[in-house]
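Below is one structure. I have some questions about it.
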Amino acid sequence: MENSGSAKLSKMAMAARPAPYLDALNPPQREAVEALDGPVLVLAGAGTGKTRALTTRVAHLLNTGRAWPSQILAVTFTNKAAREMRQRVGELVGGAVEGMPWLGTFHALCVKILRAHAELVGLQSNFTILDTDDQIRLIRQLIQAANIDDKRWPARMLAGFIDRWKNRGLTPDKVPAAEAAQFANAGAELYAQYQQRLKTLNAVDFGDLLLHVTGIFQHHPDVLEKYQTRFRYILVDEYQDTNTVQYLWLRLLAQGHRNLCVVGDDDQSIYGWRGAEVGNILRFEKDFPGARVIRLEQNYRSTPHILAAADGVISRNGARLGKTLWTEADAGEKLRLIGHWDGEEEARWIGEEIEAMQQGTRGNPPVPADGIAILVRASFQMRAFEDRFLTIGLPYRVIGGPRFYERAEIRDAMAYFRVVTTPEDGLAFERIVNTPKRGLGEKAVQEINRKARDTGLPMLEAARALVAEGGLTARARKSLATVVADFDRWRAALKAGADHVRLAEQILDESGYTAMWKNDRSPDAPGRLENLKELVKALEGFENLQGFLEHVALVMENEQEDGAPKVSIMTLHAAKGLEFPAVFLPGWEDGLFPSQRSMDENGVKGLEEERRLAYVGITRAQEYCTISFAANRAMYGRWQSAIPSRFIDELPKEHVEVLTPPGLYGGGHGAAAPAGGMTTMPGIMRGSDLEERAARASVYNSPGWARMQARRQQYGVSQPREARNLVIDAEAVSRFATGDRVFHQKFGYGAIAAIEGDKLTVEFEKAGTKRVVASYVTAADEVPF
DNA sequence: GTCTGCGAGGTTTTT
DNA sequence: CCTCGCAGAC
């Protein structure tokens, strides 16, 4: 059916006009698009139009009639990337071709394949996908059952081992004995038991998705052949991030026609610590003899100074495929380098710089807040910026952080839904049987578990039996009876075809779960309630609970943007693929960046990955890039002095403007950091500290205050989310009085101790006394729910 | 079974 | 410094 159809499509395409989208490409991009047959490696440097080449290639495959949408396999790493590709292909080919069924992440594609062949690995096609939390609880049970001390041998650790084995495509029988022995001499046995348990639960973990499908391909040639024939063309994005099992998966699928096009950048491989093998991309030409290698080197993102600085750093790495980025852009500004006395000073300085940039008072055109990013090595560095920005009222957002569906309240709610839809889901039942507290502790759960094991019943049924027999203490029995009755009622409603959104609300309400958080005094309780509301709202977009659960396991993200421009704070890892007119790279100190641990654990390989991280960081910048470091940093409450990062020495001098007064570093930027660290700094930096304080004496004169005012006018009323949470007009500020109970998104509840203009001094219940901008708190009685 | 106080440990993170 | 997890007391 597909074949006869494609002939027809082909004719249609021939008749169509020559593809105009090709004209929008530069020569190598065009080559990458037109080299349709055989293996192709596209080495796409940062900002060279990789996504454009990739999406145009897909469009070209469709347009030339080489393939139907269903015959193209396009693999990405993240849902975001998949979405973007889908959208951009859609734009190129117009509405003429429906969405491609095989465009997605490795994991999403594997789910699809695995559902079709689940029985080949002993699963049913409606298997559930466990997340890390379930995984760890399951593993802990196994460790305990094996009489191994789970303090000495934590479940987390074994989960890590198993994950890495799965990343390498190793089933329990293939794990090298020496490695298996590293976990209590029982790694392989426990791994095997874990796989067995998963099968019984009709569940898989993330690693299994790839592992099972690869196994199926290896052991069932007929199945493999089917997919080899179906996927005439295979495309892979971010190939440098593939791990071994993903590589095997791809190689199996591409074996026949070898129409495999991979796109990536070895210099941006930063996920080695989670199994990515740079080797995959370095080896591509060997793996696929005759492969065409196309380099995209014209950069459309950054200024020459930025590119040269990035190149200076990355060129220190060995084992590279090698690329030289170039651009037609004007020279622009040099990178700026500045040292600070400590981390706080660094945050303060960056705050000032950002305000100046926004206003254009640095002599440059103004840069809006959402064009500015702060990229850090480790997430603990974010705090200094958050604290500072909250104080000066600079709007920011933190990218990354815990995912929506990983939050405890979401997982709890989901567990309720899971038990309602699938009573066999013992893990889910166990999770919420005593949440909220119902007097069903560890002992009761053990009882139920034992009953389930003895009788072979699912946990919910085992609980019912236990109640009927009069097991447990009278109190626990009564409590458990209520739980069972609740679930019966909800299941009945589900069967009766109740609206799933209403049902979800009913479940959260009747179970006492919502009430639990309403009664919770902790600062994050209102946020959690808000998340639950959002969860229920998200349900509206789905047919039923089941469909929603699948979506959440694989795709759900935490995106709640309110549209107001904000400065972004994120890790360097999270920044890959993004770009900003202005980028700040703080914390360039040896030990922090490059990370000591990376170097200790992985030696030169670790250092090189850190260096690629530096490369990724610098190449995020379009116009301005500011690198900074501090001589002292408060880490875990202890003051530590540091020397500038070795990467600073690697920045080519001619592309860097050193803002720190000369004499600070000895020779180059920091090449010969004076023995004894930067002992000359205190005097110098203290001066600017005082200046800063003087400048800030009156908040009403500060750029921050002015910006806030302007911003409020612009966004205050039109943004419902902001409007509810922020004080949006000047009179409202005065409605606060000393002693008022208020709520702050970050610090929680507190009482106002003093008011000065827009600044409130608040004694927070949990976070201590802080000075905050009035617009960042709400009266406690206006908190959601 | 639940609450409180103490000690340890504390990169990077997608699916 | 701050958070999490555990051991001991109610």
Side-chain angles (χ1 to χ4, degrees), chain A residues 75-82 104-111 129-132 135 140 150-151 154-156 160 163 166-167 204-211 238 241-243 245-246 269-276 343 375-384 387 399-403 405-406 408 434 436-446 472-473 475-476 479 522 524 550-558 570-577 587 591-602 606 609-610 612-613 616-617 633-640 766-768:
Chain A
V75 198
T76 64
F77 271 82
T78 64
N79 292 302
K80 196 176 153 207
T105 63
F106 276 105
H107 297 268
L109 295 167
C110 282
V111 170
I129 303 161
L130 299 188
D131 61 32
T132 331
Q135 200 185 338
R140 181 171 300 128
D150 70 329
K151 263 139 230 147
R156 219 159 253 297
D163 223 50
K166 288 185 176 177
N167 282 162
V204 299
D205 63 21
F206 279 119
D208 278 340
L209 294 172
L210 264 300
L211 192 66
E238 306 280 17
D241 287 337
T242 49
N243 61 33
V245 71
Q246 287 161 341
S269 164
I270 55 176
Y271 285 108
W273 51 273
R274 84 180 181 209
L375 311 182
V376 298
R377 176 64 182 86
S379 42
F380 73 81
Q381 292 173 261
M382 294 178 180
R383 243 195 85 172
D387 284 350
I399 313 255
R403 280 163 216 279
Y405 65 85
E406 277 168 8
N434 197 32
K437 299 266 188 289
R438 301 186 175 98
L440 296 165
E442 203 184 328
K443 248 178 100 191
V445 171
Q446 272 173 12
L472 301 169
T473 62
R475 242 177 112 118
S479 192
S522 65
D524 47 351
E550 159 119 18
H551 170 81
V552 169
L554 234 46
V555 184
M556 186 126 172
E557 284 170 63
N558 182 22
M570 68 186 95
T571 62
L572 288 160
H573 284 92
K576 195 168 80 160
L592 176 58
F593 187 45
S595 143
Q596 194 58 49
R597 193 160 151 185
S598 235
M599 295 186 290
D600 290 347
E601 286 175 8
N602 299 305
E609 183 154 315
E610 295 285 310
R612 291 194 289 267
L613 215 38
V616 167
R633 198 168 284 279
M635 244 176 150
Y636 311 136
R638 192 149 302 183
W639 283 99
Q640 289 194 319
K766 302 262 169 172

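Chain letters run A, B, ... following the sequence lines, proteins first, then strands; residues in each count from 1.
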Closest listed nucleotide, where the reference is the side chain of A:R383 and the choices are B:dT15, C:dC2, B:dT12: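 So the side chain of A:R383 is nearest to C:dC2.
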
Residue list, side-chain contact (heavy atoms from CB on, under 4.5 Å) with A:R475, at least two apart or on another chain: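 In terms of side-chain contact (heavy atoms from CB on, under 4.5 Å), with neighbours along the sequence ignored, A:R475 is linked to A:T473.
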
Hey, is the side chain of A:T571 poking within less than 4.0 Å of OP1 or OP2 on B:dT11, counting only N and O atoms?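 Negative; the distance criterion is not met.
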
Is A:F77 stacked on the base of B:dT15, with ring centres under 5.5 Å apart and planes under 30° apart?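 No, the aromatic ring of A:F77 does not stack with the base.
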
Can you check nucleotides 1-7 of chain B for protein contacts, nitrogen or oxygen pairs under 3.5 Å, and list what you find?
unit_1 : atom_1 : unit_2 : atom_2 : d
B:dG1  : OP1    : A:G441 : N      : 3.3
B:dT2  : OP1    : A:G439 : N      : 3.4
B:dT2  : OP2    : A:N434 : ND2    : 3.4

A:K576/A:D241 salt bridge by N-O under 4.0 Å criterion: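 Salt bridge present between A:D241 and A:K576.
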
Excluding sequence neighbours, so at least two apart, what forms side-chain contact (heavy atoms from CB on, under 4.5 Å) with A:P436?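 Checked A:P436 against side-chain contact (heavy atoms from CB on, under 4.5 Å); matches are A:Y416, A:R438, A:Y513, A:M516.
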
Nearest-nucleotide 5' precedence on DNA chain B, A:T105 against A:F380: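 Result: A:F380.
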
Could you tell me how far B:dT12 sits from C:dT3 if I compare only their P atoms? Round to whole Å.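 These two P atoms come out 15 Å apart once rounded.
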
State which residues pass side chain to side chain donor-acceptor pair (under 3.5 Å) with A:D205; sequence neighbours excluded, sorted by chain then number.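 For A:D205 the side chain to side chain donor-acceptor pair (under 3.5 Å) partners, ignoring immediate neighbours, are A:K166, A:Y194.
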
Under the side chain to side chain donor-acceptor pair (under 3.5 Å) test, residues paired with A:T242 that sit two or more places apart: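 Counting only residues at least two positions away or on another chain, A:T242 forms a side chain to side chain donor-acceptor pair (under 3.5 Å) with A:N280.
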
Base orientation of B:dT11, syn vs anti, 90° cut from 0: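 Nucleotide B:dT11 adopts syn.
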
Would you please name every residue forming a side-chain contact (heavy atoms from CB on, under 4.5 Å) with A:A82, sequence neighbours left out?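 side-chain contact (heavy atoms from CB on, under 4.5 Å) check on A:A82 returns A:T76, A:L103.
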
Just jot down the ring-ring contact (aromatic ring centres under 6.0 Å, His included) partners of A:H107, sequence neighbours excluded, or say none.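 Per chain and number, A:H107 pairs via ring-ring contact (aromatic ring centres under 6.0 Å, His included) with A:F206.
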
In whole Å, what is the span from the CH2 atom of A:W273 to the P atom of B:dT11?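 Rounded to the whole Å, the gap is 12 Å.
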
Assess whether one donor atom and one acceptor atom, taken from the side chain of A:R377 and the base of B:dT12, lie less than 3.5 Å apart.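 Per atom types, the contact qualifies.
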
Between B:dT12 atom P and A:E601 atom CD, what is the distance in whole Å?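 After rounding, the reported distance stands at 13 Å.
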
Name the pairs: protein N/O against N/O of nucleotides 5-8 of chain C, kept only if under 3.5 Å.
unit_1 : atom_1 : unit_2 : atom_2 : d
C:dA7  : OP1    : A:K151 : NZ     : 3.4

Does A:S379 reach a base, just sugar-phosphate, or nothing at all? Heavy atoms under 4.0 Å.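 Sugar-phosphate: the residue A:S379, judged by heavy atoms under 4.0 Å, touches backbone atoms but no base.
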
All side-chain contact (heavy atoms from CB on, under 4.5 Å) counterparts of A:A408, not counting sequence neighbours: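 Residues passing side-chain contact (heavy atoms from CB on, under 4.5 Å) with A:A408: A:R431, A:R528.
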
